[in-house]
Structures are given as structure tokens and as C-alpha cells.
Amino acid sequence: MGRVIALRYARLGVRVVVNGYRSEDAALQIVEEIRTPGAEAVAVQGDVADLDALENLFQQCIDTFGKPDIMVAHAGAEIVDQPISEVTKEQFDRLLAVNTKGAFFTLQKTARHINDHGRIVCIGSRATSLANPGVGLYGSSKMFAAGRPLEGRFGTPEDVADAAEYFAGPLARRVSGQHLLISGGAPAVTGGIPLRPTDSSGS
């Protein structure tokens, strides 16, 4: 999903900083895709749960392109098919470190560094509002939600990129602090209808 959003922004002329929170290799691959049509991009490696690494991410952005105009907070760790009764301390600590602590401090540092009238897009998950077996810990660690599609298909990264493009563009200049469900028309809570655990179409 992050790759699709980065490519979409690049096609719109945005200079992109791609952070690979697990490794720099994945970020470099996305940067190479972005550079193919001549757009500008750089890769950074930093675990969002590490506050020093987060600060380095913003500093590299500022040193390369200047203060950011758009921030997409997308990094997330996931555990599926894991009952709450079997979650280990290590799993708990890692999910909360990335999905809650990492998201919070990414947004905090964005508020400190972003240009005036900049845009912040935080990608979340429908798992926050719908109890699916095996994703209880993951859902409790995320910050936003979406629901079940009614249009006959599950959401795609391109669907989320559409919303990310809107929020970063001039049509959203009067939009602030909103929570958008990219759900194909479904409500946030669907009465326990089973969903595909790995689908993540929320923003």
C-alpha cells in the first residue's frame, strides 16, 4: 500500500522520501520505480518505533528536499491467526511499539517539521472496529478503521491511494481531522460478518 501511494504521488510531481522501516532494500526498490519516469525520490531506513531513527528520517527529508508538505504515516506490524491467549510479551511489545508508539511519534514529529498548511494522512485498519478471530492484538494497536465492502470486492492499495491523493490535493484544502472509511459502502461495524484477516483497506 505504501508503495502504491508513493508511486501515485510521484506521478503527480511530488518529490518522495520512502522509509523502509524493516530494511532499506525495499525502500530502494520503490525509489527505483519512482525514478524511472524521471521523478525525484530518496530512500531512508528507520524503525518508526525508534525515536532517533524517526528524527533522522525527517532530517534527511529536510536536508534533501526541504520541509515536507505531505506525510503519509503507513508503517505497521501485523500478527494474524493468533488468539489473545497465546500472544507473547515480545509480540505485544513489537506491535504496540510500531502501530501505536510509532504512529503517535510520527504524527508528533510531523507536526513539528511539516510546512504550514501541509497534509497528514494516517493509514489505519478496519481491525480497530471489527472483532475478527486472531487479530485482537493487532486491532487494539491501530488507530483508525474501515468496514466490509458491499460492492462485491475487497479494497485494494489503489483505493487507498485514491484517498491519499485527495487528502494531499487542493480539493481537500478545507478538510481537516477527518476519518474516512474506504469500505465499499459498508459501515464500520458489520455485526460480526467474517472478513479476510489480511485485507487492509482503511484510511
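Numbering starts at 1 and runs along the sequence shown.
Partner of K101 under the side chain to side chain contact (heavy atoms under 4.5 Å, CB included) criterion, chosen from D93, V48, L51: L51.
In this view, V42 and V17, R35, T64, F65 satisfy the side-chain contact (heavy atoms from CB on, under 4.5 Å) rule, not counting sequence neighbours.
Considering every non-hydrogen atom in both L28 and A43, the closest pair reads CD2-CB, 3.6 Å. Annotation for K67 and H113: closest pair CE-O, 2.9 Å, computed over non-hydrogen atoms. Residues A10 and I34 come closest through the heavy atom pair CB-CG2, 3.5 Å. The minimum heavy-atom distance linking T106 with A73 is given by the pair CG2-CB, 4.1 Å. Here the shortest heavy-atom pairing between V18 and A6 reads CG2-CB, 4.4 Å. Between A53 and D47 the shortest heavy-atom distance is CB-O, 3.6 Å.
Hydrophobic clustering (ILVMFWY, side-chain heavy atoms < 4.5 Å, transitive): F104 and V98 are in one cluster. By the criterion of side-chain heavy atoms lying less than 4.5 angstrom apart, applied directly or through intervening Ile, Leu, Val, Met, Phe, Trp or Tyr residues, F105 is not grouped with I62; the two fall into different hydrophobic clusters. Under a hydrophobic clustering in which Ile, Leu, Val, Met, Phe, Trp and Tyr are joined whenever their side-chain heavy atoms come within less than 4.5 Å, directly or via other members, V121 and L180 fall into the same cluster.
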Donor-acceptor contacts, no H, no angles, side chain residues 162-171, under 3.5 Å, sequence neighbours left out:
residue	atom	partner	partner atom	Å
D162	OD1	R8	NH1	2.8
D162	OD1	R8	NH2	3.0
E165	OE1	R8	NH1	2.8

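Taking 4.5 Å as the limit, some side-chain heavy atom of I5 sits within range of a side-chain heavy atom of V160.
The backbone N or O of T88 sits less than 3.5 Å from a side-chain atom of Q91, completing a donor-acceptor pair.
How far CE of M1 is from CD of E158: 9.5 Å, rounded to the nearest 0.5 Å. Within the model, atoms OG of S176 and NE2 of H117 stand 11.5 Å from one another, a figure rounded to the nearest 0.5 Å. Separating the CG atom in D69 from the CG atom in D116 is a distance of 10.0 Å, to the nearest 0.5 Å. Residue L57 holds its CG atom at 5.0 Å from CG of N19, rounded to the nearest 0.5 Å. The CD atom of E24 sits 11.5 Å away from atom CD of Q29, with the distance rounded to the nearest 0.5 Å. Residue R3 holds its CZ atom at 12.0 Å from NE2 of H74, rounded to the nearest 0.5 Å.
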